[in-house]
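Working notes, structure below.
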Amino acid sequence: MYFVGVDLAWGERRPTGLAVLDAAGHLVHVSAVRTDDEIVAALEPFTDGDCMVAIDAPLIVNNPTGNRPAEAALNRDFAGFDAGAHPSNTGKPEFADKPRGARLAARLGLDMNPRSGRSRRAIEVYPHPATVALFRLGRTLKYKNKSGRDVEQLRGELVALLGLIEGLSASDPRLVVDTPEAGDAWRALRAAAESAGRKSELRVVEDQVDAVLCAYIGLFADRHPDETTTYGDFETGYIVTPTLPAGLTPAPRARRTVVPVHDPRTAVREYAERQPRLQDSAAEYVRLVTSILDDAGINYLTVTGRAKSVASFADKAARMADGAPVFADPLREITDQIGLRVITYVQSDVQAVVDLLDDQVIVHDDRDMGRETASEGRFGYASRHLLIGLDEEGQALHPTLAGLRAQVQVRTVLQHAWAEFEHDIRYKGTVPDEHVPDLDRRFTLAAGLLELADREFSTIRERLHGSVTEPGPEGSREDPRIAPRELAAFLAGQYPDAGWSRTDHYDWMAGLVLELGITSLTELGDVLRDADADALTERMAYRYPPGAVRRLDDALLWVRGDDYVTLHSNAHRAPLLRARLAKMRAAPPVSGDAGD
């Protein structure tokens, strides 16, 4: 089934925006056309089968003057948000005969009754009240060209709307605008909006963005009819829109120069403008933390990150407690705008990651959620939550992260599985009240079992430390490298006190060893005999438990020096290796007398 959005122009001389979503909420088409024939030709591939076509234009107009009943009813709820509907009546030339929207619906063979339940329907929608309801706005975004609005204001408001729409990727139902099916269409719209220097350039983008909103309203109405309001009826005309959230009130009017950041609705609008840049910053934080863990040789499963979606930020910014906002200044007080998650294998690695980040970045806050849960005498959510930032040196190396903090969750793979499953069941699903006590008991039991399993995995790994399996044949004719599995076994014997490294790191190190011309474990052992392990450990002064691959990396750097730094596979980290080499070559500290 397809959900089609049509931002219909009053006449054929102005562009009409078209957008199509598939059943999963993925954007598959967006364009702008002018004539009815062009509209029908563009939409026929998507309207031959089951479809919902949401049209931003009146479909049914019978009243000779004034508002339709639907417009009057909608205005009572939304006019205070600047989202009221303009009057439609047959006294206007465009509605004197059959409205253009109704003519298009007839050509496409669509039923216009919003309550018919037929598989191929057209409905009338209106984006302005929808944005208020979907994004909890205090007033509509002023991206429409009207007297007194300059290009800069229109561009800023339209870019904010783009961010809000992109944030629907985390909503229910989901809307995914950057898709292979649509190619780079959405990115092109964003680029055009951000670079527009004239109102006419913004108008082309605006029509298509409104069409995407229309398509999403159709999807929302289909998936959440209980959260959708139909103003009016089939006989006198109607408008379908997401229902105004309970408790949402219009924002006070303020001068353009005043930005009340304590107002959550204003904060949401500003966050929508920031969010695309935060996505890039989140990706940079992921690269930074990954490089820190890799350089240390700590074993981990994944490092992921994201910028908080606009919808999620809006929901959090609107939270109340005892009648007062939880966040007086959402843009400053909501600290997980950039969120990272590090998943480790065992509990001891969690502490290793925390210690390493404490050494390499600034940790502004550290909460052990597992300890807090245990202090209450129960099993449950267990994760380490850090709030990190960069010092001046770090900001100089990563200027895009200057002044930005990130929340980092560090947990084991078992803790992660429990947390994700519990969140999906308790917060995203609907649990009948009669099942809550039993589910609470079962979640608590599962948490206790997983804690026990984490302990057992840690014990297993500790007992296997230093165990070396007999190596098999040294490689194959097709691959001259030392087999990564054999290298792992060799290093377990060479460095019995070192932690395991990531599987892909053994593979990477095998390539580096081959670049040095080493093709057997015997040759590698001969090279490592030239490394003074005790002196190396003393010079490096490891503040975290380095993995086996990191130990080998440092030993080869100690022995081969600049030749190791200049290997082709080390080009991306040459400055880091040179800094390490300088540390190795520095004179060891001279111990003073006991009485000094």
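Start at 1 with the first residue, then count along the sequence. Bear in mind the structure is a predicted one, so any value in this text is a computation, not a measurement.
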Full working for salt bridge (Lys or Arg N to Asp or Glu O under 4.0 Å) between D294 and R287: CA-CA 10 Å; D294 287 347; R287 288 190 289 270; over 6 Å; no
Distance, nearest 0.5 Å, that separates [atom1] of [X] from [atom2] of [Y]:
X    : Y    : atom1 : atom2 : result
Q208 : L189 : CD    : CG    : 5.0 Å
H224 : L219 : NE2   : CG    : 8.5 Å
E284 : H398 : CD    : NE2   : 6.0 Å
F78  : T140 : CZ    : OG1   : 11.5 Å
L168 : L213 : CG    : CG    : 8.0 Å
L158 : E194 : CG    : CD    : 9.5 Å

Over 12 foreign heavy atoms within 6.0 Å of NE2, H572: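 Atom NE2 in H572 is crowded, with more than 12 foreign heavy atoms closer than 6.0 Å.
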Quick one: does any side-chain atom of [X] pair with a main-chain N or O of [Y] as donor and acceptor, under 3.5 Å?
X    : Y    : result
R139 : G80  : yes
Y271 : G163 : no
R573 : S291 : no
E38  : R34  : yes
R68  : V61  : no
Q407 : T335 : no
Y285 : L404 : yes
R121 : D111 : no
E201 : G197 : yes

Considering all heavy atoms, the nearest [X]-[Y] contact:
X    : Y    : value
F327 : E333 : CA-OE1, 3.1 Å
A70  : I239 : CB-N, 4.1 Å
Y238 : E124 : O-OE1, 3.0 Å
V209 : I165 : CG1-CD1, 3.5 Å
L244 : D77  : CD2-O, 3.8 Å
A133 : P242 : CB-O, 3.5 Å

Audit row: K308, R306, side-chain contact (heavy atoms from CB on, under 4.5 Å) steps and yes/no: CA-CA 6 Å; K308 197 174 193 67; R306 57 92 185 110; 4.0 Å; yes
Distance alone, cut at 3.5 Å: any donor-acceptor contact between the side chains of [X] and [Y]?
X    : Y    : answer
H26  : E181 : no
T243 : T229 : yes
D210 : Y143 : yes

Walk me through it: do Y231 and Y126 pass the test side-chain contact (heavy atoms from CB on, under 4.5 Å)? CA-CA 11 Å; Y231 293 94; Y126 185 25; over 6 Å; no
I want to check something: taking the side chain as every heavy atom from C-beta on, are [X] and [Y] in contact at a cut-off of under 4.5 Å?
X    : Y    : value
L162 : V177 : no
R274 : L331 : yes
L248 : F81  : yes
D358 : D366 : no
R341 : R411 : yes
V342 : R384 : no
V361 : L386 : no
R100 : T16  : yes

Just do the side-chain contact (heavy atoms from CB on, under 4.5 Å) check on L577 and N570 with the steps written out, would you? CA-CA 8 Å; L577 289 176; N570 281 332; 3.5 Å; yes
Apply salt bridge (Lys or Arg N to Asp or Glu O under 4.0 Å) to the pair D82 and K142, showing each step before the final yes or no. CA-CA 9 Å; D82 297 340; K142 308 301 188 255; 3.0 Å; yes
Return a table of donor-acceptor pairs under 3.5 angstrom between the side chains of residues 44-59 and protein atoms on other chains or two or more places apart.
from : atom 1 : to   : atom 2 : distance (Å)
T47  : OG1    : L43  : O      : 3.0
D50  : OD1    : S119 : OG     : 3.3

Given side-chain contact (heavy atoms from CB on, under 4.5 Å), test V28 with T179 step by step and report yes or no. CA-CA 7 Å; V28 298; T179 64; 5.6 Å; no
Taking only Lys NZ, Arg NE, NH1 and NH2, and the carboxylate oxygens of Asp or Glu, determine whether E152 and R155 approach each other closer than 4.0 Å.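 A salt bridge is absent here (no side-chain N lies under 4.0 Å from a carboxylate O).
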Salt bridge or not for R14 and D7, using N-O below 4.0 Å? no
In this structure, which one of R187, R190, R174 forms a salt bridge (charged side-chain N to carboxylate O under 4.0 Å, His left out) with E166?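 It is R190; the other options fail the test.
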